[in-house]
Number of protein chains: 2
Amino acid sequence: MTGTTAPLVLIVDDEPAQLTLLRHNLTAAGFRVATAQDGEEAVLAVAEQGPDVVLLDWMLPRLSGLEACRRIKATPEGRATAVIMVSARSEERDRVRGLDTGADDYITKPYSVAELVARVRANLRRVRPVSVGQVLEHGDIRLDAEAHRVSRDGTPLHLGPTEFRLLAAMMERPGKVWTREALLDRVWGREVYIDTRTVDVHVGRLRKALCARGGADPIRTVRGAGYAMG
Amino acid sequence: MTGTTAPLVLIVDDEPAQLTLLRHNLTAAGFRVATAQDGEEAVLAVAEQGPDVVLLDWMLPRLSGLEACRRIKATPEGRATAVIMVSARSEERDRVRGLDTGADDYITKPYSVAELVARVRANLRRVRPVSVGQVLEHGDIRLDAEAHRVSRDGTPLHLGPTEFRLLAAMMERPGKVWTREALLDRVWGREVYIDTRTVDVHVGRLRKALCARGGADPIRTVRGAGYAMG
DNA sequence: CGATACTGTGACAGTGGTGTGACAGTCGAG
DNA sequence: CTCGACTGTCACACCACTGTCACAGTATCG
């Protein structure tokens, strides 16, 4: 669930053919994939692996998709993941029931792979705000998260991976002051032992890159607190 | 966007009949409703009113729904709201384009009111938990805790860390008289050995900063007791 | 009025937070 | 392998900020 690894999608379906097909397509789209074959497995897998998105088939052995969804959404991990119900039923009352159970989205068979992937991305965007196709703008700075590109005033900039994530985090909430600890959490990952002063160094490098071709420093230092955009 | 008031839904459509219909149904469902008639209005309305959900028609004058969605999602307010694209086009490639622009959901005409409301609710569930930074105001003084910013009458002020915390504490409870000991506790920390007269010095510095560009002294000295805002 | 207690504030030295160049270690590409 | 890109740490310099003091100003009371 940190910004560094690929998003994890849990596929729940009882037909092996479906699992293989989906795994193949989602892997090709850059996601990590986990699978479960019935509702109980699904609930367990969510608790253990904390996926970012769950593709949940409506018809499942042992525990219906609807009930599985309810149980998933009853856990803290479940609330932090997006559940997409997959079903052959396209009647409206089912859609309504599905959404009111806590499902985040609903997709009906037959669906195209393109739409499925787009849906997964769209839901992912809410669960992991920055990591997926999103263009952030702040003043003359543009950051394309999907293409991994940054430009200032139209001219492209070269940033290392860490500086890129650092900029992305700060651009996501302009004005917000990030403590060094918060940035370590967000940019480096939750379980890392890193000197907080390292943040200073990377902020310095980011500043140098952003101001290489002139322009005001877009990063504000708040003494005793941390850093902020704008 | 606060927790106490009803969720705000922004309806964007150029047909007055649609606006009236949607407003009626959503109001009946317990939402607050705002409206916009074209894409530019929509982008503006999102920035100004910070709705929880936007119902965005695909076909709009001046700025297409797609482009409006992109611009909305490039702003911090936009990222904190759910955008539901509404369209007569049900072809798949449009859905994909819509979702990849940053839209959170997609609904096609004709839709039933029940499904629409269910979708709005489902999207709301994800958007609502996002809390917004606390902004304290007292007279013409504004203190943004998250951004660590203070302004008086619109002009930004520079405060040191201690003065900032001091002001924040006093603004949190306007009128309350703080003893020097209470302020030491609150601002400096519980187990500090500091001369109580130090509080006086910092209050003085805070006053100087607040009144640097004119204006009445917002801090009241209570002889024998301490200090208070207003 | 004088005495006393309390508060405002300029000055100042010390501290500690921050910017930054240097450097060694790691990793992947060629 | 070598090379280059990137990372994390350190040391040093700088200066904004801090806490304290001394003295001046002001309210309170006999």
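Keep in mind it's a predicted model, so treat the numbers as computed, not measured. Labels below follow one simple rule: chain letters A, B, ... track the order of the sequence lines, proteins then strands, and each chain is numbered from 1. Hydrogens, waters and symmetry mates play no part in the numbers below; they use all other heavy atoms, side chains included.
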For residues B:V9 and B:R32, determine if any side-chain heavy atom of one lies less than 4.5 Å from a side-chain heavy atom of the other.
->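 They are not in side-chain contact.
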Could you pull out the closest heavy-atom pair between B:H148 and A:V177, with the gap in Å?
->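 Heavy-atom minimum between the residues: CB-CG2, 3.6 Å.
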A:L206 to A:M170 - nearest heavy-atom pair and separation =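 Smallest interatomic distance, heavy atoms only, reads CD2-CE, 4.1 Å.
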For B:R173, enumerate each residue passing the side-chain contact (heavy atoms from CB on, under 4.5 Å) test, keeping only those at least two apart in sequence or located in another chain.
->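 With sequence neighbours excluded, B:R173 shows a side-chain contact (heavy atoms from CB on, under 4.5 Å) to B:K176, given in chain and number order.
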Which residues pass the side-chain contact (heavy atoms from CB on, under 4.5 Å) test with B:V201, sequence neighbours left out?
->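 B:V201 satisfies side-chain contact (heavy atoms from CB on, under 4.5 Å) with B:R205 only.
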Using only side-chain N and O atoms of A:W188, determine if any of them is under 4.0 Å from OP1 or OP2 of D:dG8.
->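 Looking at the OP1 and OP2 atoms of D:dG8, one of them is under 4.0 Å from a side-chain N or O of A:W188.
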Respond yes when some side-chain nitrogen or oxygen of A:H158 is under 4.0 Å from OP1 or OP2 of D:dG4, and no when none is.
->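 No, no such contact exists.
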Any residue meeting side chain to side chain donor-acceptor pair (under 3.5 Å) with B:E41, in chain and number order, not counting sequence neighbours |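 Residues passing side chain to side chain donor-acceptor pair (under 3.5 Å) with B:E41: none at all.
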Sequence neighbours excluded, which residues qualify as salt bridge (charged side-chain N to carboxylate O under 4.0 Å, His left out) partners of B:E137?
->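 Partners of B:E137 by the salt bridge (charged side-chain N to carboxylate O under 4.0 Å, His left out) criterion, ordered by chain and then number, come out as B:R142.
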Could you run through nucleotides 17-30 of chain C and give me one letter per nucleotide, 5' to 3': B if any protein heavy atom sits under 4.0 Å from the base, S if only the sugar-phosphate is that close, - if neither?
-> BBBBSB--------
Nearest-Å distance, [atom1] ([X]) to [atom2] ([N])?
{"X": "B:F164", "N": "D:dA16", "atom1": "CZ", "atom2": "C1'", "value": "17 Å"}
{"X": "B:E163", "N": "D:dA16", "atom1": "CD", "atom2": "P", "value": "14 Å"}
{"X": "B:I194", "N": "D:dT18", "atom1": "CD1", "atom2": "C1'", "value": "8 Å"}
{"X": "B:H202", "N": "C:dT9", "atom1": "NE2", "atom2": "P", "value": "15 Å"}

Could you walk me through whether B:W188 and B:H202 pass ring pair (Phe, Tyr, Trp, His ring centres under 6.0 Å), step by step?
-> CA-CA 11 Å; B:W188 276 261; B:H202 280 277; 5.4 Å; yes
Tell me which residues in residues 165-174 of chain B put a heavy atom below 4.0 Å from DNA chain D, sorted by number, or none.
->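 DNA chain D contact set from residues 165-174 of chain B: none.
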With respect to the side chain of B:D195, which nucleotide from D:dT7, D:dT9, D:dC21 is positioned closest?
->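 Nearest to the side-chain atoms of B:D195, counting from C-beta on, is D:dC21.
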